[in-house]
**Student:** 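One structure, as structure tokens, below. Some questions next.
Since we're looking at a predicted model, the values are computed, not measured. All residue numbers in this chain count up from 1 along the given sequence.
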Amino acid sequence: MGEPEILPDASEAPDAAPAAASPATPNLNTILSIPVTVQVVLGSTSLPVASLMKLARGAVISLDQRVGDPVDIVVNGRVVARGEIVVVDEVSQRFGVSLVEIVAGRSLEQAA
């Protein structure tokens, strides 16, 4: 990657037209390569510690959501979207999420 282009300061060239047509743009590749943690929240529940300690392999924990309810997609701790669980590959038993709603603006701040 080359050095960023430095545009002349408008105060140095008073007769020059402002560089509004070609403002200095950030290197978006740097920003787009930042890793983030994406989680799909299937549901939650509250358990007393005593019940938690009794859990063993094969135990089933009942969650607060039902089949077909939308799931929250969380990026770095913030809800950014909602979706539905879908089967991606039955053979390998892989699942995915189909986005149903993008949480934006004020809703994004309230969801966090």
**Student:** Would you mind checking if Arg82 and Asp72 are paired as a salt bridge, meaning a charged N to carboxylate O distance below 4.0 Å?
**Tutor:** yes
**Student:** Test of understanding: clusters of I, L, V, M, F, W, Y form through side-chain heavy atoms closer than 4.5 Å, transitively. Do Val88 and Phe95 belong to the same one?
**Tutor:** no
**Student:** Do Val38 and Val100 belong to the same hydrophobic cluster, where Ile, Leu, Val, Met, Phe, Trp and Tyr are linked whenever their side-chain heavy atoms lie under 4.5 Å apart, directly or via other members?
**Tutor:** no
**Student:** For Glu84, give me all partners under salt bridge (Lys or Arg N to Asp or Glu O under 4.0 Å), at least two apart in sequence or on another chain.
**Tutor:** none
**Student:** Give the table of side-chain donor-acceptor pairs shorter than 3.5 Å for residues 40-59, with sequence neighbours excluded, one pair per line with atom names and distance.
**Tutor:**
unit_1 : atom_1 : unit_2 : atom_2 : d
Ser44  : OG     : Asp64  : OD2    : 3.3
Thr45  : OG1    : Ser62  : O      : 3.4

**Student:** So which heavy atom on Ala81 is nearest to which on Leu99, and how close?
**Tutor:** CB-CD2, 4.0 Å
**Student:** How about Val86 and Val97: do any of their side-chain heavy atoms sit closer than 4.5 Å?
**Tutor:** no
**Student:** So, taking the atom named CD in Gln39 and the one named OG1 in Thr37, what distance separates them when rounded to the nearest 0.5 Å?
**Tutor:** 7.0 Å
**Student:** So, do Val74 and Val80 sit near enough that their side-chain heavy atoms are less than 4.5 Å apart?
**Tutor:** no
**Student:** Within the distance-only criterion (no hydrogens, no angle test), does the side chain of Gln65 pair as donor or acceptor with the backbone N or O of Pro70 below 3.5 angstrom?
**Tutor:** yes
